[in-house]
Amino acid sequence: MTISQVGQAPRTRADYLPGDHGMWFFIVGDLLIFGVYFLCYMVYRGQNLDVFLYSQQFLSQGIGVANTIVLLTSSLFVALATEAVREHKIRDAGRLLSLAIVLGALFPVLKMVEWIPKISAGHTPGENLFFMYYYVMTGLHLLHVLLGLCIMAFMLRNLRQAAQPDIKFIEIGAIYWHMVDVLWLVLLAVFYLMR
Amino acid sequence: MIAYLKNPLTTVWAILSLITVAAWLIGRNVGTDLQPSHAVTLSVLLIAAAKAQLVIMYFMEVRSAPRWLKRVAYGWVLVLFPLLYLTNQLVN
Amino acid sequence: MSTIATAEREPVSQPTEPWYKNKKLDQLLCFWSIPVFYNLFGLVFVPLSWMMPPRAPESDLAGVVEFMQSPNLLIASTILILSVGLSAVGNAMYAIQMKRMSVSPVLRFAFIAGAMTGAIVGCLFPMFCFGLGAFREGYSPEILQMLYDFGYLSFIGCLGCFFLNWSCLALAILLDKNNILPKWLGYYTIWQSVTEIFAATVWIAHTGPFAWNGLLAFWFNMVLYVPWQFIVYYCIFQAIRKQPESELYNSGPTPRAAYA
Amino acid sequence: MNTRGQNILLWLTPVAGLLFLVAYWLFPAFAPPLSPTLSPEEVAAFFKENLTAMRGVVIFGNIIGALLVPLFALIAVQMLRVVNSSPIFAYAYIIAAGIGITAFILADFAWGIALFRPDRDPQLISLLNDMAWFFLVAPVGCVFVQNLCLAGSIYLDARPDPVFPIWVAHFNIVTGLLMLPAAFSLLYKTGPLAWDGSISFTLRFSTFIVYVAVMFLVLLKVTKQQVEQEGVAA
């Protein structure tokens with residue numbers, strides 16, 4: 001990683017690929033896989049509309065929306081941190097990234113606040129297809145969130161310890177975290193909000 | 001600090017948060033029995049598509065990425081959401 | 001025990017060439033056992049036992065009894081017994097490539113341990129459940145149904161070991177600086193390990209897309225898995241071919257032992 | 001390097017052999033082995049009659065199985081001294097050995113569970129008994145691959161002074177082949193291939209016992225050679 005490369009902000013030049021090809025391969029594939037799951041969800045939802053609509057009323061929309069804001073804000077901090085690294089404001093970047101991690105860590109906590117009362121109330125994955133879908137998809141997404149938190153911890157370590165932060169690695173982690181965000185936006189729409 | 005508030009990314013974030021709340025107000029579950037609603041589904045999906053597009057463009061920086069990536073990433077939004085909407089309409 | 005010390009202490013013998021021309025003969029022999037194994041494996045689970053594609057968890061009892069008593073299940077079990085050892089060779093294929101990567105040995109040893117467990121609970125045990133039903137006539141339908149469930153659930157619902165294995169493999173590929181296997185394969189492997197978790201629903205759902213014969217829990221995973229299996233062995237084959245002669249243990253003036 | 005640990009583990013093999021002899025003499029429950037033709041009721045009656053002897057077999061079997069692990073581990077370690085282009089044979093050997101030993105212990109457990117409550121439904125006792133015999137006699141594929149891997153690595157050894165003598169490779173292939181027919185025990189209830197038959201039972205297990213004994217002696221020599229060649233303190 002040369003310094004000149006670090007110095008160039010992507011906004012000033014077109015055709016800059018953030019991260020690397022491998023990560024984009026993963027992201028596009030992941031988006032496609034989730035896309036297939038969402039489409040299947042729509043098909044099954046249409047076939048069992050009564051069950052799905054009935055079950056949907058038990059979801060906590062408030063927590064879902066709160067979690068959306070949490071993820072969006074965390075994503076904003078990661079995006080700002082990436083810019084800060086490019087502008088050599090390493091200390092700022094470290095602070096922004098720490099904030100992003102704290103917010104990101106709030107997501108699983110809120111998820112537990114959402115899940116545990118639901119499970120105690122008897123809305124388990126075995127109840128019906130809707131709840132199975134709900135737990136599988138939010139669970140799979142939660143797995144992505146946890147993985148993202150691990151990656152961000154390594155990003156922070158890189159910022160704090162390395163003499164020259166590895167901008168490609170920071171970008172890889174950042175675009176992964178934004179993808180987690182995008183997936184949640186779709187989840188919120190199709191599971192919590194639509195009718 | 002002020003610089004971060006003025007950053008275009010922050011503006012994008014504000015829009016995202018606002019339309020998230022808007023979507024919530026539209027799709028909010030007031031009564032206990034949910035009725036299928038074409039208008040709610042359409043607007044919620046539209047807002048989600050807009051949000052996904054914004055995150056992909058600005059946060060993931062696809063806006064300034066090579067053309068192939070733009071095609072793929074925007075294509076995902078442009079294909080997935082209409083398909084979700086159409087599936088929902090057709091299967092019902 | 002350092003290999004260098006060993007080399008120094010050994011009486012300097014004439015550099016002996018092995019009797020075989022292709023120095024990678026051991027790897028190639030093992031590699032070509034893999035198609036043999038997968039063909040037998042396919043033969044066992046598809047046309048012999050018709051265990052795959054999976055039957056419905058909610059089949060009626062009479063159907064289950066009839067299936068569980070079909071004599072072909074015993075032939076399938078026998079062939080599986082004869083070939084299950086080759087799964088060890090197939091998994092060792094990954095492990096030696098992981099050894100070449102610039103990653104901690106713990107990844108390959110975790111992989112090896114997972115491969116052992118996986119072969120028992122995800123391969124030998126399920127087939128034996130089916131074989132047991134066919135071995136003796138007169139078991140009550142409830143027992144046969146239990147064996148049926150046990151067989152399918154441990155075959156399709158065996159997620160932990162494979163999740164561990166593929167995660168170790170993916171991590172090794174992604175962390176590796178020697179570029180032994182391509183990075184995109186590492187990402188593909190992550191999906192492979194995530195789909196293993198996705199199959200957890202088969203322990204709950206009896207019908208629908210998340211049952212063990214369901215669209216999402218089974219078929220979608222197959223669509224990801226089958227190409228992955230082909231691709232990963234193709235990439236390993238390329239990695240063997242590209243491995244430089246100097247890196248081989250049996251080349252050079254004094255052959256070195258591999259140790260761990 | 002110190003080979004003391006290696007030697008201690010190696011001498012666990014004769015301990016396993018001794019335990020086997022003791023168990024064979026004290027608890028002759030499987031001499032002759034149960035016939036696969038017995039009905040569930042007969043099996044349950046047999047279990048009830050031979051409760052003590054069979055429990056002894058189960059407990060001893062559990063320990064003997066575990067005591068054989070060091071032998072296989074030692075073979076694997078010596079296989080890593082063999083020079084091929086890669087350690088693939090050794091890795092495959094380790095995995096196959098793990099599968100084989102686990103299968104043996106599962107067999108042991110199936111009997112143990114049947115014996116824990118002998119007045120269970122005879123159908124369940126019979127099922128557990130079948131399962132035990134399946135896991136005990138049939139999974140020869142792993143042993144076979146294990147032996148082939150050892151043989152393969154010996155044949156391809158590029159060392160000027162091979163770790164194992166070449167006859168060990170031939171021996172492994174022959175013993176592997178002698179045990180292989182036991183896989184067909186699932187298909188027969190009578191005759192030499194049934195699990196109590198001369199091929200599937202007598203030949204398979206006597207071969208295995210001879211194999212373990214011979215490999216013990218081979219390893220004694222190999223570890224001694226290692227000390228001489230590498231100048232390690234014994």
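Each chain gets a letter, A, B and so on, in the order the sequences are listed, and its residues count up from 1.
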Worked verdict on D/Q6 versus D/T223 for side-chain hydrogen bond (donor to acceptor under 3.5 Å, both in side chains)
CA-CA 8 Å; D/Q6 193 165 263; D/T223 46; 4.9 Å; no
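Using a 4.5 Å cut-off between heavy atoms, C/L82 touches chain D through backbone and side chain atoms alike. Heavy atoms closer than 4.5 Å to chain D are found nowhere in C/S33, neither backbone nor side chain. Contact of C/S83 with chain D is not made at all, since no heavy-atom distance falls under 4.5 Å. For C/M93, the parts lying near chain D are the backbone and the side chain together; criterion is any non-hydrogen pair under 4.5 Å. For a residue to count as touching a neighbouring chain, one of its non-hydrogen atoms must lie under 4.5 Å from one of that chain's; by this rule D/L38 touches chain C with the backbone only. For C/F135, the parts sitting under 4.5 Å from any heavy atom of chain D are the backbone and the side chain alike.
Taking the six-membered ring for Trp and thresholds of 30 and 60 degrees, D/Y155 and D/H170 have ring planes inclined between 30 and 60 degrees apart. Relative orientation of the C/F37 and C/F41 rings is tilted, given thresholds of 30° and 60° on the angle between their planes. By the 30° and 60° cut-offs, the orientation of the rings of D/W133 relative to D/W195 is parallel. Using cut-offs of 30° and 60° for the angle between ring planes, the C/F125 and C/F150 rings count as tilted.
Between chain C and the residues D/L180, D/L156, D/I99, D/L187, the most heavy-atom pairs under 4.5 angstrom are made by D/L156. The choice from C/I79, C/L25, C/L147, C/D26 that makes the most heavy-atom pairs within less than 4.5 Å of chain D is C/D26. Listed options C/A119, C/A115, C/C30 were ranked by heavy-atom pairs under 4.5 angstrom with chain D; first place goes to C/C30.
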